[in-house]
Amino acid sequence: MAQMHEIDYQIFGSEMQYVEIELDPQEAAVAEAGGMMYMEDGIALETVFGDGSQQKSGFLGALMGAGKRLLTGESLFMTIFMNQGSGKKKVAFAAPYPGKIIPLHLADMGGQIICQKDSFLCAAKGVSVGIAFQKKLGVGLFGGEGFIMQKLEGDGYAFVHAGGTLMERTLAPGELIRVDTGCLVALQPSVSYDIEYVGKVKSALFGGEGLFFATLRGPGKVWLQSLPLSRLANRIYAAMPATGGSREEGSVLGGLGNILGGDR
Amino acid sequence: MASFSALCFGPGLQPHGEKIPVRIGEEGLCLWPAEPREQIIPYQDIQVSAGGFDHEQMILAWSKDAQAWSLTLTDKHTRDILLAHAPPALAPQLVQWCKKIHGAKKRMRAGWLALVLFLLAPFLLLAVLLWNPDPVIGWAVNRISIENEQKLGDLIFEQTRPSLKLVTQGEAQRVIAEIGQKLAAGSPYTFKWHVADDPAINAFAIPGGHVVVFSGLIKAADTPEEVAGVLAHETEHVLQRHTLKAMVHNLGWRAVIAMVTGDWTGSLLGEFATQMGILKYGRDKESEADLKGLQLLKQAQIDPNGMERFFDKLSKQGGVQIALLSTHPASKERMEALGAAIKEAGTWRSQPLPYDWGRVKASLPVQ
């Protein structure tokens with residue numbers, strides 16, 4: 001417990017949020033490289049190989065950590081923000097797309113949370129960011145985004161980002177919900193995660209929901225996002241003029257406007 | 001009595017579970033032992049199942065007042081405590097759990113192994129091919145039908161023809177074809193014998209039965225038996241599919257696929273044609289062709305000494321400058337092996353080939 005840094009935080013904004021973390025002297029936070037929004041004078045920035053949780057585990061340990069991070073598609077390095085001044089200093093991290101930031105106090109959650117890769121934003125130093133493999137072949141092959149996930153371990157705060165609107169759900173023992181594989185943000189390790197085939201060829205072909213659902217069986221907490229980035233990206237891509245989409249909002253004169261517009 | 005701590009979920013508890021002490025009692029699991037809220041769960045009410053994110057956690061579930069409760073044993077250490085002190089009433093279910101976990105683990109491992117093997121199969125095949133190509137190439141080449149091979153041979157010959165000055169008429173062409181037919185009698189291939197006007201002392205075979213003899217070779221020979229030796233050798237290259245194998249070796253699997261399916265695309269054919277000029281078969285293939293060629297000579301009742309004499313004469317004459325020797329190196333071992341094989345085969349009643357070799361030479365175009 002001693003190596004965890006207790007940090008104070010405040011979340012600002014409603015749909016495009018950022019989290020402001022207050023660091024006491026010598027306290028530190030870790031974040032994915034590229035997530036920082038601003039920091040006050042006195043905070044030193046250091047880039048570490050791996051996830052920065054085991055500074056003393058030697059080169060091989062760091063290499064392993066970095067290798068695992070490569071598997072999850074993260075950058076090899078993480079950034080540590082340490083307050084080296086006197087007095088409290090602030091550093092802020094911003095969400096990369098519209099959504100909500102979820103503060104997770106890992107000590108309250110049994111010390112471990114599994115979250116979708118890319119959703120991790122920042123954490124108090126000492127929280128280890130590892131990978132959680134799905135050992136079941138079916139889940140691995142058809143689980144979409146759920147194959148390789150991130151495992152956050154420790155006692156401090158970790159901040160995870162969910163797209164769109166957040167849904168936090170507590171599953172009673174044995175309670176089951178089915179979710180789209182992309183909509184799962186985080187879950188407690190006590191929740192069983194499996195993949196279920198949609199079951200009907202017709203709905204698989206024309207339902208547009210994908211061929212597989214993730215089934216989550218309690219007990220434990222799960223966090224769902226209403227708008228996975230991939231869905232948003234699909235719509236944006238489909239609407240792009242370069243891929244045949246229209247620049248105008250569905251107006252009857254759209255085509256004419258395009259001819260007259262001439263500002264390609 | 002043994003005790004452990006486990007994550008408990010139930011009404012009135014923290015939604016994300018609470019770590020509580022549990023004692024393994026006589027009649028049931030005792031939650032919060034020696035605390036005011038102590039309660040005992042009878043073993044017959046408990047259902048054991050496997051679950052959790054890694055599918056290996058032990059979940060003990062029961063219902064009380066129509067509400068679901070559960071204990072999750074997340075780590076192996078805790079599970080070992082329960083398994084070691086398994087109460088008789090729970091033992092069958094625990095054994096079932098162990099079996100299920102082991103079965104699932106085995107299946108997972110087998111599944112992943114199969115997947116990895118499947119993904120690595122092309123690389124493994126490639127490694128085998130690089131490591132020990134001959135059996136694989138032999139196997140692949142044996143899949144190729146003779147019709148396909150002959151079709152390929154015809155196409156290659158058409159590609160090569162413009163660079164050869166073929167002698168289509170005359171005594172030489174007729175004699176070479178006659179000797180060849182005598183040697184190749186009874187083979188499944190339809191051989192075609194060609195004479196090319198070229199001063200180089202050379203001869204080569206194309207898959208499917210095209211054999212080309214250069215006029216230089218005919219001029220260098222003193223008797224028809226000497227040429228018959230070379231022809232027997234080249235015939236064996238065709239019959240043993242040496243050319244085909246060497247091409248597959250040089251051009252790889254693309255060639256095999258094309259050959260088996262009989263689908264020729266232009267570029268590949270061009271490569272085959274260029275390959276023709278520079279093909280080398282390797283020492284063992286040359287010896288094989290020598291020895292089997294000897295059998296052909298025996299069948300055709302042709303004197304085998306012409307074959308040996310010709311190579312011997314050439315190596316004394318010009319060494320490596322002679323094209324035939326650069327692709328068919330007349331090494332000492334090879335000559336010795338050929339000599340020994342001739343001796344071993346014994347003498348047979350040979351009939352001299354009834355050709356006037358001087359006239360044959362004279363029928364060739366003058367350089």
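Convention: sequence-line order gives letters A, B, ...; per-chain numbering from 1.
Residue-environment remark: CD (B/Gln44) exceeds the threshold of 12 foreign heavy atoms within 6.0 Å. Residue-environment remark: CD (B/Glu38) exceeds the threshold of 12 foreign heavy atoms within 6.0 Å.
Ranking A/Gly220, A/Gly218, A/Pro219 against chain B, the residue ahead of the rest is A/Pro219, based on heavy-atom pairs under 4.5 Å.
A side chain to side chain contact (heavy atoms under 4.5 Å, CB included) with B/Pro15 is found for exactly one of A/Leu171, A/Asp108, A/Thr170, namely A/Thr170.
Listed by sequence position, B/Ala68, B/Trp69, B/Ser70, B/Thr72 are the residues of residues 68-87 of chain B in contact with chain A, using a 4.5 angstrom heavy-atom cutoff.
For chain A, the nearby part of B/Glu56 is the side chain; its heavy atoms alone come within less than 4.5 Å.
When all heavy atoms of A/Ala132 and B/Phe53 are compared, the closest pair comes out as CB-CE2, 3.6 Å. Counting all heavy atoms, side chain and backbone alike, B/His16 lies closest to A/Gln188 at O-NE2, 2.8 Å.
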